[in-house]
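Beneath this line is the structure, given in structure tokens, with notes to follow.
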2 protein chains.
Amino acid sequence: MSTLGFERHNHARCIRSAVDAADALCATRGLRFTPLRRRVLELIWQCHRPVGAYDLLDQLKSERDGAAPPTAYRALDFLMENGLIHRIESLNAFVGCTHPDAPHQSQFLICTSCHRVAELSDPAIERQIDTKASGAGFQPERQTLEVTGTCDACAVTR
Amino acid sequence: MSTLGFERHNHARCIRSAVDAADALCATRGLRFTPLRRRVLELIWQCHRPVGAYDLLDQLKSERDGAAPPTAYRALDFLMENGLIHRIESLNAFVGCTHPDAPHQSQFLICTSCHRVAELSDPAIERQIDTKASGAGFQPERQTLEVTGTCDACAVTR
DNA sequence: TTGACATAGGTTATACTATAACACTATATA
DNA sequence: TATATAGTGTTATAGTATAACCTATGTCAA
């Protein structure tokens with residue numbers, strides 16, 4: 001089974017399991033998974049496309065009074081710090097992490113046609129980058145890999 | 001000799017050679033390397049730190065009347081389209097390309113201490129990413145790899 | 001040489017993204 | 001239940017990028 005996220009799947013279950021996983025993870029780590037943080041994570045998981053902070057904010061505004069940029073950004077910061085979402089740097093947008101339990105670097109395939117993204121999570125690539133950086137006398141801390149192109153589905157229907 | 005850019009070097013010559021190379025490249029390709037574009041490239045090469053568009057703009061404003069955001073962004077677009085500079089996505093900033101002659105993907109080491117960056121340009125990593133993406137049914141077009149951490153010099157003097 | 005076209009740059013306005021700072025509330029726990 | 005800490009509300013502002021329209025300049029064919 002592919003874990004790439006471009007394939008068809010039961011999305012309602014997909015959202016639920018992401019939120020449940022976050023719930024469990026927060027419980028384990030003693031983190032406060034507040035209604036706002038939970039809601040923001042749900043909104044991000046509505047689709048496999050990266051969501052902008054202000055798109056999120058628009059939604060939050062329609063649901064609660066007085067939502068303002070910090071409302072969104074603080075929740076996003078919490079979710080990022082705890083590995084529940086990733087930031088796609090090249091899009092200034094956020095996407096749910098598909099395996100928040102295992103620490104890993106940010107690796108994404110981004111389809112420029114349907115705008116869906118898939119998390120790559122290739123430990124071999126991660127290691128190779130790490131090795132190369134270290135070999136150059138650099139102490140690597142965080143990697144961001146973003147590959148744009150065309151996903152399977154979009155290539156077929158072209 | 002390392003090509004990583006963190007080491008000491010004759011920087012005046014470094015700028016000059018970058019601009020000369022750009023000159024030659026534009027001549028070869030029939031591109032118009034206008035005074036504005038040349039100046040923006042020079043400003044970017046003033047240091048090996050990524051430069052923000054508005055830092056650049058401040059400098060341009062002090063040199064020419066009526067410089068406005070589009071003044072900077074258009075020159076930056078030209079330089080990027082032609083591989084003379086790269087955009088560091090995680091910093092919203094721009095840095096000179098160290099080998100604009102050879103097509104390659106964006107690979108950077110970014111020191112969070114001194115804020116200098118070095119271009120990695122590792123074809124093996126590039127290939128591995130390409131292979132992995134293709135294997136997942138994705139047609140890769142552009143790769144962006146950004147590694148943050150601590151450079152050699154900063155690690156020593158800590 | 002001149003006119004037509006395309007490219008580059010000037011100018012104004014605005015959209016989009018993110019954070020600072022301070023007040024208030026909720027929660028955890030001693 | 002007092003206290004400390006974390007979370008959120010609220011207002012303001014900083015930082016990044018593009019749209020749209022206009023003028024100037026370079027290019028090239030007739």
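First the proteins, then the strands, lettered A, B, ... as listed; each starts at 1. Because only heavy atoms are used, hydrogens play no part in the values below, and waters and symmetry mates are left out as well, while side chains stay in.
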*Rounding to a whole Å, what distance do you find between A:Asn82:CG and D:dA6:C1'?*
13 Å

*asked:* On DNA chain C, compare the nucleotides closest to B:Tyr54 and B:Arg37; which residue's is nearer the 5' end?
replied: B:Arg37

*Roughly, in whole Å, what's the span from CG in A:Leu57 to P in C:dT17?*
11 Å

*asked:* Tell me if the side-chain of B:Arg32 makes a donor-acceptor pair with the base of C:dG9, cut-off 3.5 Å, by modelled atom types.
replied: no

*Rounded to the nearest Å, what distance is computed from the NZ atom of residue A:Lys61 to the P atom of nucleotide D:dT11?*
12 Å

*asked:* Let's see if you can work this out: which of C:dA21, D:dT18, D:dT16 has an atom nearest to the side-chain heavy atoms of B:Pro70?
replied: D:dT18

*Rounded to whole angstrom units, what separation is found between the CZ atom of A:Arg74 and the C1' atom of C:dT25?*
12 Å

*Hey, is A:Arg87 close enough to A:Glu89 for a salt bridge, meaning N to O under 4.0 Å?*
yes

*Reported CZ-to-CG distance for the pair A:Arg37 and A:Asp77, which is rounded to 0.5 angstrom*: 10.0 Å

*asked:* Between A:Tyr73 and C:dA18, is there a contact of a side-chain N or O with OP1 or OP2 at under 4.0 Å?
replied: yes

_Nearest whole Å is fine: how far is D:dA17 P from B:Asp77 CG?_
10 Å

_Residues B:Glu63 and B:Gln59: side-chain donor-acceptor under 3.5 angstrom_ = yes

*Over all atoms of both residues, closest heavy-atom pair of B:Leu36 and B:Ala75*: CG-CB, 4.4 Å

*Whole angstrom value for the distance that separates P of D:dG7 from CZ of A:Phe33*: 13 Å

*asked:* Angle between ring planes, A:His99 versus A:His104, binned at 30° and 60°: parallel, tilted or perpendicular?
replied: parallel

_Closest-nucleotide ordering on DNA chain C, the 5'-leading residue of A:Arg87 and B:Thr71_ = B:Thr71

*If you find the nucleotide of DNA chain D closest to A:Phe78 and the one closest to B:Gly52, which residue's nucleotide is nearer the 5' end?*
A:Phe78

_Separation of atom CG in B:Leu36 from atom C1' in C:dG10, rounded to whole Å_ = 11 Å

*Would you tell me if any nitrogen or oxygen in the side chain of A:Arg64 comes within less than 4.0 Å of OP1 or OP2 on D:dG9?*
yes

*Tell me which nucleotide among C:dT11, D:dA17, D:dA6 gets nearest to the side chain of B:Ala68.*
C:dT11

*Nucleotide of C:dT11, C:dG9, C:dT7 approaching B:Thr34 most closely (side-chain heavy atoms)*: C:dG9

